[in-house]
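Note: hydrogens, waters and symmetry copies are ignored here, and every other heavy atom, side chains too, is used.
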Amino acid sequence: IVAGLFVFTGLILTFGLERSGFAASLALVILMLPVVVRTTEEMLKLVPKDLREASYALGVPKWRTITSIVLPTALSGIITGVMLAVARVAGETAPLLLTTFLTQAALPTFIWDQISSGTDPSVNRAWGGALVLILFVALLYVGARIVAKIFAPNTR
């Protein structure tokens, strides 16, 4: 809610930006950014210093060590963090309602719109939308685990 209010007051009311998907995406980026940054920071810290030092001992420049040793080693964790952050914001409704107010089609706003109608068919559609959203988040989670396994450094 706070991220949606921040974008709503900061961009829509102050600068006259229209309620749009762009404003909603900015609110969702505000929610995703701390998760991605923190995950990336932790994954880069987990790269053993011995790998870096061995690269420096061979005379490899620092930029080359980062691109050839550090990033490939931490890549699985970084990708996993990004996918989990996307899964986290996939179900966010409040920022979408504040920044688009049903002018942009999204699954969380569809669920909210159908529930607010109150009829039996619309409530059933809302439950169906919620099931699709849960399956989407579960699929992203499984995808993150698969990507982590594929890009995990070989420890042999």
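- Two residues are said to be in side-chain contact when any heavy atoms from C-beta on lie closer than 4.5 Å; L84 and R88 fail this criterion.
- Cluster membership for V89 and F136, using ILVMFWY side-chain heavy atoms within less than 4.5 angstrom, is shared.
- The shortest side-chain heavy-atom distance between L98 and L5 falls under the 4.5 Å cut-off.
- Contacts of Q114 classified as side chain to side chain donor-acceptor pair (under 3.5 Å), with partners at least two apart in sequence or in another chain: R125.
- A search for side chain to side chain donor-acceptor pair (under 3.5 Å) contacts involving S55 returns T65, not counting sequence neighbours.
- The salt bridge (Lys or Arg N to Asp or Glu O under 4.0 Å) check on E41 picks up R38, K45, with sequence neighbours excluded.
- Contact between L17 and A23 at its shortest, heavy atoms only, is CD2-CB, 4.2 Å.
- Note: the hydrophobic cluster containing V7 also contains F22 (ILVMFWY, side chain heavy atoms under 4.5 Å, direct or indirect links).
- Cluster annotation: V82 and L139 are assigned to distinct hydrophobic clusters (Ile/Leu/Val/Met/Phe/Trp/Tyr, side-chain heavy-atom contacts under 4.5 Å, transitive).
- Linking Ile, Leu, Val, Met, Phe, Trp and Tyr residues whenever their side-chain heavy atoms come within less than 4.5 Å leaves V60 and L51 in two separate clusters.
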CA sep, side-chain torsions, deciding dist, call: E18, I12, side chain to side chain contact (heavy atoms under 4.5 Å, CB included): CA-CA 6 Å; E18 292 183 23; I12 295 174; over 6 Å; no
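- Contacts of T119 classified as side chain to side chain donor-acceptor pair (under 3.5 Å), with partners at least two apart in sequence or in another chain: S122.
- Atom NZ in K62 sits 14.5 Å away from atom CD1 in I69 (nearest 0.5 Å).
- Other residues, nucleotides and ligands contribute at most 12 non-hydrogen atoms within 6.0 Å of the OH atom of Y141.
- Applying the side chain to side chain donor-acceptor pair (under 3.5 Å) rule to R64 yields no partners; only residues at least two apart in sequence or on another chain are considered.
- What you find for G10 and F15 is that their closest heavy atoms are O-CD1, 3.0 Å.
- Taken from CD1 in I111 to OG in S116, the straight-line distance is 12.0 Å, to the nearest 0.5 Å.
- How far CD1 of I79 is from OG1 of T39: 12.5 Å, rounded to the nearest 0.5 Å.
- Contact annotation: the side chain of P72 never approaches that of L75 to less than 4.5 Å [non-hydrogen atoms, C-beta and beyond].
- The heavy-atom pair separating V36 from G81 by the smallest distance is CG2-O, 4.5 Å.
- Applying the 6.0 Å contact sphere to CG of L71 captures more than 12 heavy atoms from other residues, nucleotides or ligands.
- Here the CD-CG distance, from E53 to D50, works out to 6.0 Å after rounding to the nearest 0.5 Å.
- Using a 4.5 Å heavy-atom threshold, the side chains of R19 and F8 count as touching.
- For the side-chain contact (heavy atoms from CB on, under 4.5 Å) test, residues two or more places apart in sequence or in another chain that qualify with A24 are L96, T99, T100.
- In this structure, L107 and V132 have side chains that are in contact, with non-hydrogen atoms separated by less than 4.5 Å.
- Hydrophobic clustering places V147 together with I150 (ILVMFWY residues linked when any side-chain heavy atoms are closer than 4.5 Å, directly or through intermediates).
- The CD1 atom of I78 sits 11.5 Å away from atom CD of E42, with the distance rounded to the nearest 0.5 Å.
- D113 has its side chain out of reach of T109: every pair of non-hydrogen atoms, C-beta onward, lies at least 4.5 Å apart.
- The structure places CE of M32 at 8.5 Å from CG of L28, a figure rounded to the nearest 0.5 Å.
- V86 places a side-chain heavy atom less than 4.5 Å from the side chain of L140.
- Taking the side chain as every heavy atom from C-beta outward, L31 and P95 approach each other to under 4.5 Å.
- The minimum heavy-atom distance linking T80 with A144 is given by the pair OG1-O, 3.4 Å.
- The minimum heavy-atom distance linking P34 with I30 is given by the pair CD-O, 3.2 Å.
- Taking every heavy atom of both residues into account, A126 and I115 meet most closely at CB-CG1, 3.5 Å.
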